[in-house]
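Letters A, B, ... are given to chains in the order of the sequence lines, protein chains preceding strands, and every chain is numbered from 1.
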Amino acid sequence: QKEVEQNSGPLSVPEGAIASLNCTYSDRGSQSFFWYRQYSGKSPELIMFIYSNGDKEDGRFTAQLNKASQYVSLLIRDSQPSDSATYLCAVTAHYQLIWGAGTKLIIKP
Amino acid sequence: GAVVSQHPSWVICKSGTSVKIECRSLDFQATTMFWYRQFPKQSLMLMATSNEGSKATYEQGVEKDKFLINHASLTLSTLTVTSAHPEDSSFYICSGGTTPPDGELFFGEGSRLTVL
């Protein structure tokens, strides 16, 4: 069974610090990796996607992919209270999109 | 990014009635629409995948006769919850994208259904 695992949290980070969110997946055939942010009562919105090993940076966000270890992470630099949300990891493999349960992130002012 | 409009945002209905939720892709042609359900503090649960002009593919455990999905055009997909019961109360979200989902999924705003 294909699985995507995330720590449910909550992960509490002081404002201005780096928030690190992790996700592991079970299917080595996974090809595409996505991070979505979801505010309470709202639909998910795409933050980052990554296809290749290594780091991908976009503003304050950096996605890191390590296919050998089967994990993908999201770093948020200079965390802001507005970053407080649930972050969902999603992985595509064999024409399926598998979602993690999400990590709740709380940025403390 | 592309826009997916979902309507209604909120709906309250009596047990036994049917509710229709519409999902429209406003500036792109969604060959595939995905319908999700999300219970409080839980992740998205894929209910079904619909391709324009063909029958939807339902995930295991999802009753196709209860959750009717129609994808008659490249810009409109509908989900009808038939004979709704309180346990059907949930947040329903549609998204449009490609098959396989090798790119961004564009989500609707979601529809919160409360069945009394």
Side-chain angles (χ1 to χ4, degrees), chain A residues 1-11 21-25 27 29-52 56 58-59 61 63 65 84-106, chain B residues 1-11 21 23-25 28 30-51 57-61 79 89-114:
Chain A
Q1 182 177 358
K2 304 177 181 65
E3 293 182 346
V4 175
E5 301 285 345
Q6 292 183 258
N7 188 318
S8 62
L11 174 66
L21 303 162
N22 299 312
C23 172
T24 60
Y25 58 95
D27 191 340
S30 300
Q31 299 168 316
S32 308
F33 308 85
F34 305 87
W35 282 101
Y36 282 82
R37 177 175 63 196
Q38 185 177 25
Y39 293 111
S40 180
K42 302 294 184 182
S43 289
E45 56 179 329
L46 182 68
I47 299 295
M48 296 277 295
F49 62 88
I50 186 167
Y51 302 143
S52 304
K56 179 181 179 182
D58 184 2
F61 300 95
L65 175 60
S84 298
T86 295
Y87 289 79
L88 300 167
C89 172
V91 174
T92 62
H94 308 295
Y95 305 101
Q96 289 185 323
L97 181 64
I98 312 297
W99 292 87
T103 298
K104 184 174 183 179
L105 175 66
I106 298 173
Chain B
V3 177
V4 173
S5 176
Q6 189 172 342
H7 172 83
S9 300
W10 295 83
V11 57
I21 301 170
C23 184
R24 295 181 183 272
S25 56
F28 72 105
T31 54
T32 302
M33 286 283 197
F34 303 91
W35 285 94
Y36 293 89
R37 180 167 55 183
Q38 187 175 36
F39 292 107
K41 299 184 180 180
Q42 295 188 23
S43 189
L44 301 172
M45 186 191 80
L46 180 64
M47 298 176 66
T49 301
S50 73
N51 293 295
T57 301
Y58 289 81
E59 296 299 304
Q60 191 174 5
L79 166 68
S89 298
S90 186
F91 191 47
Y92 293 87
I93 312 172
C94 69
S95 70
T98 58
T99 306
D102 52 4
E104 181 177 0
L105 285 180
F106 304 102
F107 284 88
E109 304 94 330
S111 300
R112 185 161 300 283
L113 170 64
T114 301

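- Closest heavy-atom contact between B/F91 and A/K42: CE2-O, 3.7 Å.
- For the residue pair A/G100 and B/S43, the shortest heavy atom distance occurs at O-OG, 2.5 Å.
- Of the two parts of B/Q38, only the side chain, counted from C-beta on, holds a non-hydrogen atom closer than 4.5 Å to a non-hydrogen atom of chain A.
- Scanning both residues, B/G110 and A/S43, for their nearest heavy atoms gives N-OG, 3.4 Å.
- Of the two parts of A/Q6, neither the backbone nor the side chain holds a non-hydrogen atom closer than 4.5 Å to a non-hydrogen atom of chain B.
- Listed by chain and number, the residues in a side-chain contact (heavy atoms from CB on, under 4.5 Å) with A/K56 are A/M48, A/F49, A/I50 (sequence neighbours excluded).
- Residues that satisfy the salt bridge (charged side-chain N to carboxylate O under 4.0 Å, His left out) test with B/R24, not counting sequence neighbours, are B/E22.
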